[in-house]
Amino acid sequence: MSTLRFHAVKESLKRVPLKVEETKRRSEVFGENVFNETAMRQYLTKGALASIMAAVGKGTKIDRFIADHISTGMKEWAISKGATHYTHWFQPLTGATAEKHDAFFETIGGGLAIEKFEGNQLVQQEPDASSFPHGGIRNTFEARGYTAWDPTSPAFIYGTTLCIPTVFVSYTGEALDYKTPLLRALHAVDNAAVAICKYFDKNVKKVSASLGWEQEYFLIDKALATSRPDIVLTGRTLLGHSPAKGQQLDDHYFGTIPARAMAYMRDIENECMLLGIPVKTRHNEVAPNQFELAPIYEEANLAVDHNSLLMDVMQKIAKRHNFTVLMHEKPFAGVNGSGKHNNWSLSTDTGVNLLSPGKTPMSNLQFLTFFINTIKAVQTHEELLRAAIASASNDHRLGANEAPPAIISVFIGEQLTKVLEELESVTKGKLSPQEKTDLKLNVVGKIPEVILDNTDRNRTSPFAFTGNKFEFRAVGSTANCANPMTVLNTIVAKQLIDFKVEVDALIDKKTMKKDDAIFNVLREYIKTSKEILFEGNGYSEAWEKEAKKRGLSNNKTTPEALKVKVSKSSIELFERLGVMNKVESEARYEIEMEEYSLHTQIESRVLGDIARNHVVPTAVRYQNILIENVTGLKTIYGDKFKRLAKEQLALIEEISEHIEAINSLVTKMTEARKSCNKSIDIEKKAEGYCTKVKPLFEDIRYHCDKLEIMIDDELWPLTKYRELLFTK
Ligand code: ADP
Ligand code: MG
């Protein structure tokens, strides 16, 4: 074993699980570091509290004068909890969270100092943020970027800093972050859904989207992970031969959580409790050293913030436990990658989950309305939904025979399929109103019982109905959920608006009563949304062929997938719904394309370095040992050596061939990179990286991995898969 590898493994074997103190019940600690209603009641005046509540509930603006009251209360609360600094916490388009801390501390002359935090510091800041991605927005308009308080996501204390969730926008109001378009999309779906709910219940005033994410990740001992330059620099392994044992025995999934991992999880959970992140589920995932963490679902904006925060918490706490946490979608070839299922639903301020079949026929008609409209929305905008989850890292997962394919389809299960079929056939031609009602009662009345049986879950579907919510499974583990949530809520909002127009037209013409009109439009939708429904094996080749026949998109790579974001109809859609204007849509497209190129560029450089600086020199060393051996045999045995050194001679040749292949492929890759970099057109550049640079990764890897199993284990410098994956 090479020295580096030896020390890494030795280090990893020394680790013992960290003791994690837990004295209080979790329910007691929950939200302790959040400026939630309880804290607000204690620290705010009645007026200030009412003003925040109205902002959260109705989206009303908070008066500047009131903001001063709020900031003072917030500061007092934060200081009482040991905070010394505050920050506007936001989610720029880098994918990470951003914060710049300022102390409450201020001098007031005469050698005196106070703690101060004013309303304007709470409400708005102008961080020097010129290095965040902006896709040209800040060049075209103004260089400045502003953060503005989002009162719908409560402030929290992280470490010793009061964090205030904010949006990040340009001087001219263009979104420079993930949160702004999400908030707009949530607003759009709220309006559109409330209008539909009014058909059923006049009391509904607000509809909120809910999100429950499931975060998958790998835990690798820190010493082992840092011994691999590819993991350090790219978050994944770029080479490495599969170990003799992988996940084929399925002995990791839901298995006993290893003690070290358990200690780490408990530590995360404790921190999450303080931060008000309602984590609930933890378990081993399919691959060795792979795990999952899931919370109780929350309002979508808050859930997105909580997931972003959690990813940060996970990284921080990993250090304490000497772990490296890998969020990458595909850290290891040959074993499962990681995703982040986004469970999504809509619910009313009257407490109804609109995607939960109800007990009465009327509430079921409401359920069917939202259920069918969601399917229809996905059918119409499947390509846009695919684009929402596109990234260089997720490309390794989608369609790779283990994760949902790059084709978007909807799974609804056998029983609901039957329900839709029956609904479709209810009226051939016209029925009398009486008949219609009866039939409707009949058909619709079937649903409650069918829902109880929710066993036929199809794990290969990218978008599945699971009893009382849809589960968008194709989202990548590194993704900021805001992106898919923005698109999903926007397309559903658009669909609901269109639905209302059609229903109202039927009612206005006095041809139909409300329920019949709803029913009729839904029935048409069932007919026109069939192409997106698929119950079979999404991983199969047959489905790929079938999907093509149905006209569904199958954009396997990010550069292909992203294009639809700037199509005329997509730009118009986001513009019409007030989610993003043309400039914002184009900027995002540019940022994501550029990110793809940069990502691939870095990986390509790292792979080139490892192949040339680690693999080839090691191969040469081993080859020299073999040569020495052969020469020795020749000295001792004379002509007989040829028979005795047959294997060695073959190895020597084989090694030379691999070395030659690696060198020429790396040279080819470097040249391809250079030619891509010359391109000023971001689209061409990304395409070049995708079709000319990236395919060489596999070829280079092939030869390196062959050498790995050929070369003396003592010499091999890179920590092997079996060490990375099976050290507990
Ligand atoms: P799985 O079988 O997919 O792992 P889990 O039960 O672990 O399912 O996860 C389901 C997730 O869905 C949880 O995070 C849960 O909070 C979330 N969820 C449940 N109901 C809803 C809902 N109405 N809206 C959004 N998310 C929901
Ligand atoms: Mg799930």
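Just so you know, ligand 1 is whichever comes first in the structure, and atom 1 is the first atom listed for that ligand.
The contact set between ligand 1 and E471, taken as ligand atoms under 4.0 Å from a residue heavy atom, comprises 3 (O). Within the listing of ligand 1, atoms 23 (N) sit less than 4.0 angstrom from a heavy atom of N353.
Taking the six-membered ring for Trp and the full ring otherwise, the centers of Y721 and F726 sit at least 6.0 Å from each other. In this structure, W344 has its ring center no closer than 6.0 Å to that of Y297.
Considering backbone and side-chain atoms together, P295 places an N or O closer than 3.5 Å to an N or O of ligand 1. For ligand 1, the polar-atom distance check against N343 finds a nitrogen or oxygen pair separated by under 3.5 Å. Remark: ligand 1 and S210 share an N or O pair separated by less than 3.5 Å (distance only, no angle test).
Ionic pairing of D267 and R282 is not present here: no N-O contact between side-chain nitrogen and carboxylate oxygen is shorter than 4.0 angstrom. Classification of E329 and R236 as a salt-bridged pair fails, no side-chain N sitting under 4.0 Å from a carboxylate O. Using a cut-off of 4.0 Å between Lys/Arg side-chain N and Asp/Glu carboxylate O, K179 and D305 are scored as salt-bridged.
Remark: side-chain polar atoms of E214 are not paired, donor with acceptor, to backbone N or O of K340 under 3.5 angstrom.
Within the 4.0 Å heavy-atom cutoff, K280 does not count among the residues contacting ligand 1. Heavy-atom distances between E216 and ligand 1 stay at or above 4.0 Å for every pair. Heavy atoms of I296 approach ligand 1 to within less than 4.0 angstrom.
With a 4.0 Å cut-off on non-hydrogen atoms, R459 touches ligand 1 through its side chain and not its backbone.
Residues T350 and N203 bring no donor and acceptor atom of their side chains to less than 3.5 Å of each other.
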